[in-house]
2 protein chains.
Amino acid sequence: MSLRMTRQREVVASLLESVEGFHSAQELYEMLLSDGERIGLATVYRTLQLFSEHELVDVMRNADGESVYRSCQAAGRHHHHLLCRKCSKTIEIDGPTVEQWALQVGARHGFTDIEHTIELYGICSNCRATAGANTG
Amino acid sequence: MSLRMTRQREVVASLLESVEGFHSAQELYEMLLSDGERIGLATVYRTLQLFSEHELVDVMRNADGESVYRSCQAAGRHHHHLLCRKCSKTIEIDGPTVEQWALQVGARHGFTDIEHTIELYGICSNCRATAGANTG
DNA sequence: ATGCGTGCAAACGATTTGCAGCCGG
DNA sequence: CCGGCTGCAAATCGTTTGCACGCAT
């Protein structure tokens with residue numbers, strides 16, 4: 001690829017691999033700052049967009065409609081996510097079932113080129129155990 | 001309910017029933033204006049929020065992350081949507097399959113209180129027939 | 001009469017963009 | 001050296017909010 005590898009892009013890529021779960025551009029930006037890195041917010045946005053275009057990161061929208069990113073181990077591989085509403089723990093989901101379902105539903109209605117957005121939200125077992133104890 | 005019924009709220013509700021598919025607050029606002037109605041954009045937003053809280057309208061997010069609304073015939077009934085990327089035709093989907101799938105996947109990972117966001121996008125048969133002919 | 005609802009515009013938060021200077025290849 | 005990359009801040013865009021007034025109840 002013709003991507004010029006700069007310090008900024010390296011640290012963004014590096015950060016993405018060192019953190020768990022999904023994070024917004026703003027969050028990543030702040031992490032970088034407190035990490036002592038010199039980088040602009042716009043650059044973080046541009047880098048994240050670039051990475052996602054090249055399928056180097058996994059992108060999804062959180063409940064607020066904001067874009068959140070994560071290093072994509074399963075790059076290029078289609079999958080979805082199950083995320084805890086309390087602790088934000090995220091689990092990657094492989095759903096041949098839904099994939100099939102989506103295609104079938106689409107086909108049944110005469111649609112082609114089916115794509116889909118699927119996100120699952122719930123309370124993980126850990127948070128369930130401490131339910132009500134961490135409201136904040 | 002303790003909702004005061006005002007002219008503005010009536011016209012918003014009325015408009016929602018007279019149009020097909022999903023529309024953003026801004027779109028609805030402009031429709032009202034060109035309809036000769038006197039109403040503020042903020043009121044449209046507030047009204048739409050209110051309606052959705054009372055489950056009087058169906059809300060979803062479009063691909064851009066914006067909230068779009070539609071009068072909800074199947075009020076309170078959980079369902080999803082299949083929408084054409086070309087003409088925006090929207091089809092309401094009942095998916096016991098996915099509902100089950102979502103619950104199972106959640107349970108398998110120890111999650112409870114499972115909720116989900118599912119949207120399907122595709123090209124409808126009609127647009128498929130005229131494919132490439134209406135780019136813009 | 002009371003207080004919720006409204007309109008306007010300013011505030012807001014996320015994201016994008018213009019432009020001049022920097023640096024990787 | 002050249003052109004893509006960066007940083008900053010201003011510009012956008014959708015949405016929310018503060019405040020004074022109007023209207024439904």
Side-chain angles (χ1 to χ4, degrees), chain A residues 1-16 19 21-54 56-70 83 88 117 119, chain B residues 1-16 19 21-54 56-70 83 88 117 119:
Chain A
M1 56 189 80
S2 58
L3 290 193
R4 195 175 285 190
M5 193 42 73
T6 65
R7 186 174 47 69
Q8 289 90 334
R9 288 180 182 176
E10 276 176 5
V11 297
V12 169
S14 167
L15 174 59
L16 279 169
V19 298
F22 286 80
H23 301 276
S24 68
Q26 310 257 0
E27 285 174 342
L28 293 169
Y29 169 64
E30 283 169 26
M31 290 183 210
L32 289 173
L33 286 195
S34 46
D35 229 15
E37 297 294 345
R38 234 192 117 28
I39 189 172
L41 176 58
T43 298
V44 174
Y45 272 104
R46 283 189 279 229
T47 299
L48 254 14
Q49 279 180 354
L50 192 70
F51 282 2
S52 69
E53 282 168 15
H54 288 255
L56 297 175
V57 298
D58 205 3
V59 196
M60 68 175 266
R61 289 206 188 255
N62 65 18
D64 293 328
E66 306 170 354
S67 295
V68 287
Y69 309 80
R70 191 186 64 164
L83 118 131
S88 293
T117 295
E119 318 285 6
Chain B
M1 59 189 80
S2 58
L3 290 192
R4 196 174 286 191
M5 194 41 75
T6 65
R7 186 177 44 68
Q8 290 88 333
R9 288 178 181 176
E10 277 176 4
V11 297
V12 169
S14 168
L15 174 59
L16 279 168
V19 298
F22 287 80
H23 300 275
S24 68
Q26 310 256 0
E27 285 175 341
L28 294 168
Y29 169 63
E30 283 169 27
M31 290 182 211
L32 289 173
L33 286 196
S34 45
D35 230 15
E37 297 294 344
R38 230 189 119 30
I39 188 172
L41 176 57
T43 299
V44 174
Y45 272 103
R46 284 189 279 231
T47 300
L48 254 15
Q49 280 179 354
L50 191 71
F51 283 2
S52 68
E53 281 168 18
H54 289 255
L56 297 174
V57 298
D58 205 1
V59 196
M60 67 175 266
R61 290 203 187 257
N62 64 18
D64 293 328
E66 305 171 356
S67 295
V68 287
Y69 308 81
R70 191 186 65 165
L83 121 129
S88 293
T117 295
E119 317 287 5

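Every chain is numbered from 1, with letters handed out A, B, ... down the list of sequences.
A heavy-atom distance below 4.5 Å is found between the side chains of B/L15 and B/L28.
B/E27 has its CD atom 10 Å from the P atom of D/dG14, to the nearest Å. Taking atom CZ of residue B/R61 and atom P of nucleotide D/dG14, one finds them 14 Å apart after rounding to whole Å. Distance CD (A/E53) to P (D/dC5): 11 Å, rounded to an integer number of Å. In this entry the distance linking CG of B/D64 with C1' of D/dT15 reads 15 Å, nearest Å. Between A/L48 atom CG and D/dT6 atom P the separation is 12 Å, expressed in whole Å.
Using a cutoff of 4.0 Å between basic side-chain nitrogens and carboxylate oxygens, A/R7 and A/E37 are scored as salt-bridged.
Each of C/dT15, C/dT6, C/dG18 was ranked by its minimum atom distance to the side chain of A/R46; first place goes to C/dG18. Of the candidates D/dT16, C/dA14, C/dC8, D/dT16 carries the atom nearest the B/Q49 side chain, counting heavy atoms from C-beta on. With D/dC5, C/dT6, D/dT15 as the candidates, the nucleotide lying closest to the side chain of B/Q26 is D/dT15. Minimum atom distance to the side chain of A/S67 is reached by C/dT15, of the listed C/dT15, D/dT6, C/dT6.
For B/R4 and C/dC4, a side-chain-to-base donor-acceptor distance below 3.5 Å is present, hydrogens and geometry of angles not being considered. The base of C/dG24 has none of its N or O atoms less than 3.5 Å from a complementary donor or acceptor on the side chain of A/R7.
Side-chain contact check for B/Q26 and B/Y45: at least one donor-acceptor pair (N or O, by modelled atom type) lies under 3.5 Å.
In this structure, CG in A/L56 is found 10.0 Å from CG in A/L16, a value given to the nearest 0.5 Å. In this structure, B/R9 CZ and B/R46 CZ are separated by 9.5 Å, a value rounded to the nearest 0.5 Å. The OG atom of B/S34 lies 10.5 Å from the OH atom of B/Y29; values are rounded to the nearest 0.5 Å. Note that the OG1 atom of B/T6 and the CD1 atom of B/I39 stand 7.5 Å from one another [nearest 0.5 Å].
Listed by residue number, B/L41, B/A42 are the residues of residues 28-44 of chain B with a heavy-atom contact under 4.0 Å to DNA chain D.
OP1 or OP2 of C/dT6 sits under 4.0 Å from a side-chain N or O of B/T6. Considering only side-chain N and O atoms, B/Q8 lies under 4.0 angstrom from the phosphate OP1 or OP2 of C/dG7. Within the 4.0 Å cut-off from OP1 or OP2 of C/dT16, not a single side-chain nitrogen or oxygen of A/Y45 is found.
Residues B/E66 and B/M5 each lie close to DNA chain D; by heavy-atom proximity, the contact nearer the 5' end of the strand is made by B/E66.
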